[in-house]
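Working notes for the structure below.
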Amino acid sequence: MTDLDISLGAELEQLRAEGRFRPLVVLDSPQDAEVVIEGRRLINLSSNNYLGLNTHPRLKEAAIEAVRVWGAGSGAVRTIAGTQSIHEELETRLAQFKGTAAALTLQSGYTANLAVLGGVLGEQDAVVSDALNHASIIDGIRLTKAGRYLYPHSDLDGLEQKLEEARRDGRRRVLVVTDGVFSMDGDIALLPAIVERAEAAGAAVMVDDAHASGVLGRAGRGSVDHFGLEGRVAIQVGTLSKAVGVLGGYAAGSQELRDALIHLGRPFLFSTSHPPAVVAACLAALQVMEDEPNLLERLWENTHYFKSGLQRLGFDCGNSETPITPVIVGEARAAMALSDELRNRGVFAQGIGFPTVARDRGRVRTIVTSSHTRDQLDRALDAFADAAAALSLDLAPRGDGSGSA
Ligand SMILES: *Cc1c(COP(=O)(O)O)cnc(C)c1O
């Protein structure tokens with residue numbers, strides 16, 4: 001046996017030197033409000049399982065039943081092996097959910113962005129993108145030959161300038177792309193203003209609602225529903241791995257968009273589709289979201305409670321408006337130290353540093369779910385207070401607890 005004939009020692013050393021080398025955390029339990037790590041039960045503030053659907057009995061039953069009826073795998077890519085009717089049923093359901101004519105599912109939210117951005121734009125076109133858009137949008141943009149125009153985060157004047165530049169450059173079709181909810185800060189895109197600016201410039205809008213679906217809008221329909229912008233956003237990308245609790249991605253829009261992606265979206269063409277169990281669990285999830293509106297209500301109650309608790313303790317939670325609440329502490333090293341101290345005190349919340357966020361904006365990112373109890377949230381807040389004291393963090397506590405959320 002020979003060793004791998006490339007050496008990655010220098011790269012790994014660099015990561016260690018910057019305090020960015022992190023072993024994977026191994027869970028011996030489902031992703032739930034609490035998780036088991038190294039034999040200890042910890043309160044879980046790290047998952048995107050907003051509505052607790054990941055462990056919902058109806059999803060588990062639907063997945064088991066689908067294996068019995070449809071088998072374990074889907075055979076091959078859909079253009080070659082044919083497509084199972086359950087896949088089409090999910091797409092019809094997603095189009096209804098998003099209020100669009102059609103939808104197409106992909107293996108993940110990541111591949112959905114690659115399929116759309118890599119598939120629908122040509123060399124004469126332009127993509128205008130928020131600087132803090134998710135990595136999958138950035139990678140999708142790398143796959144397109146269209147001109148690329150980046151505007152500063154949520155900066156409407158910057159957006160207008162880029163639209164003007166694209167026009168001057170004689171671009172044929174222009175697509176403005178934004179996250180619906182930004183994944184590191186939990187702020188909501190200024191979608192009504194973005195849509196207005198785009199419409200004025202004759203551009204189309206695409207929103208990636210990975211963190212907004214199941215969270216914003218009626219029954220969790222997402223940011224377009226939240227702002228009443230039906231019919232004015234050409235492409236809605238989403239994931240089935242966050243609030244929906246399973247796995248997968250989709251692009252919802254016109255029938256033309258769906259037809260084009262089936263022929264031009266490379267992840268659709270060259271990678272096999274979901275196993276039927278995944279599809280069935282997603283269908284069950286969409287039904288549960290409709291049947292159990294209390295899940296969404298509890299998610300927001302917990303969000304307000306936890307966010308105002310953190311702010312009362314004096315933590316800097318940035319501009320968060322959603323269940324994603326960052327606790328911003330500075331350098332990556334400080335974020336990792338806070339995460340470790342929290343772990344010692346029974347809370348699982350990951351530290352995030354440069355290059356995922358700016359160098360001085362390292363943070364512990366927290367996400368509450370509808371499954372967390374008041375008691376769990378109180379214990380988590382106590383752990384934050386104790387960890388901050390242990391690290392002598394500089395906090396600015398608020399006496400009256402009038403934290404906005
Ligand atoms: C998580 C996320 C994705 C990726 O979704 P997966 O289904 O996990 O691949 C895409 N876009 C945004 C904005 C995300 O937050």
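Computed from a predicted model, the values in this text were never measured in an experiment. Counting convention: from 1, in listed order, for ligands and their atoms alike.
- Counting only heavy atoms from C-beta outward, the side chains of V127 and L117 approach each other to under 4.5 Å.
- Protein heavy atom in closest approach to atom 11 (N) of ligand 1: D208 OD2, 2.5 Å.
- In summary, of the residues considered (N44, N48, N49, T55), a side chain to side chain donor-acceptor pair (under 3.5 Å) with Q31 occurs for N44 alone.
- Residue-ligand proximity, D179 to ligand 1, at heavy-atom distances under 4.0 Å covers atoms 13 (C).
- Closest protein heavy atom to atom 7 (O) of ligand 1: T239 OG1, 2.6 Å.
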Side chain to side chain donor-acceptor pair (under 3.5 Å) evaluation trace for D187 with H153:
CA-CA 11 Å; D187 53 327; H153 177 52; 2.6 Å; yes
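- For G248, the heavy-atom gap to ligand 1 drops under 4.0 angstrom.
- Note: H211 and Y50 have perpendicular aromatic rings, judged against thresholds of 30 and 60 degrees for the angle between ring planes.
- The closest protein non-hydrogen atom to atom 10 (C) of ligand 1 is S136 OG, 3.2 Å.
- For atom 4 (C) of ligand 1, the nearest protein heavy atom (residue, atom name, distance) is Y110 N, 3.6 Å.
- With a 4.5 Å cut-off on side-chain heavy atoms, Q376 and S371 do not count as touching.
- Between the side chain of E341 and the main chain of L391, no donor-acceptor pair closer than 3.5 Å is present.
- Near A210, meaning under 4.0 Å from any of its heavy atoms, are these atoms of ligand 1: 2 (C), 11 (N), 12 (C), 13 (C), 14 (C), 15 (O).
- Protein heavy atom at the shortest distance from atom 3 (C) of ligand 1 is H134 CE1, 3.4 Å.
- No side-chain donor-acceptor contact under 3.5 Å links S223 to the backbone of H226.
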Evaluate side chain to side chain donor-acceptor pair (under 3.5 Å) for T369 paired with H372, printing each intermediate quantity in order.
CA-CA 6 Å; T369 70; H372 288 104; 3.1 Å; yes
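- Regarding atom 8 (O) of ligand 1, its nearest protein heavy-atom neighbour is S241 OG, 3.4 Å.
- Looking from atom 6 (P) of ligand 1 to the surrounding protein, the closest heavy atom is G109 N, 3.4 Å.
- Atom 14 (C) of ligand 1 has its nearest heavy-atom neighbour, among H211, K242, M184, in K242.
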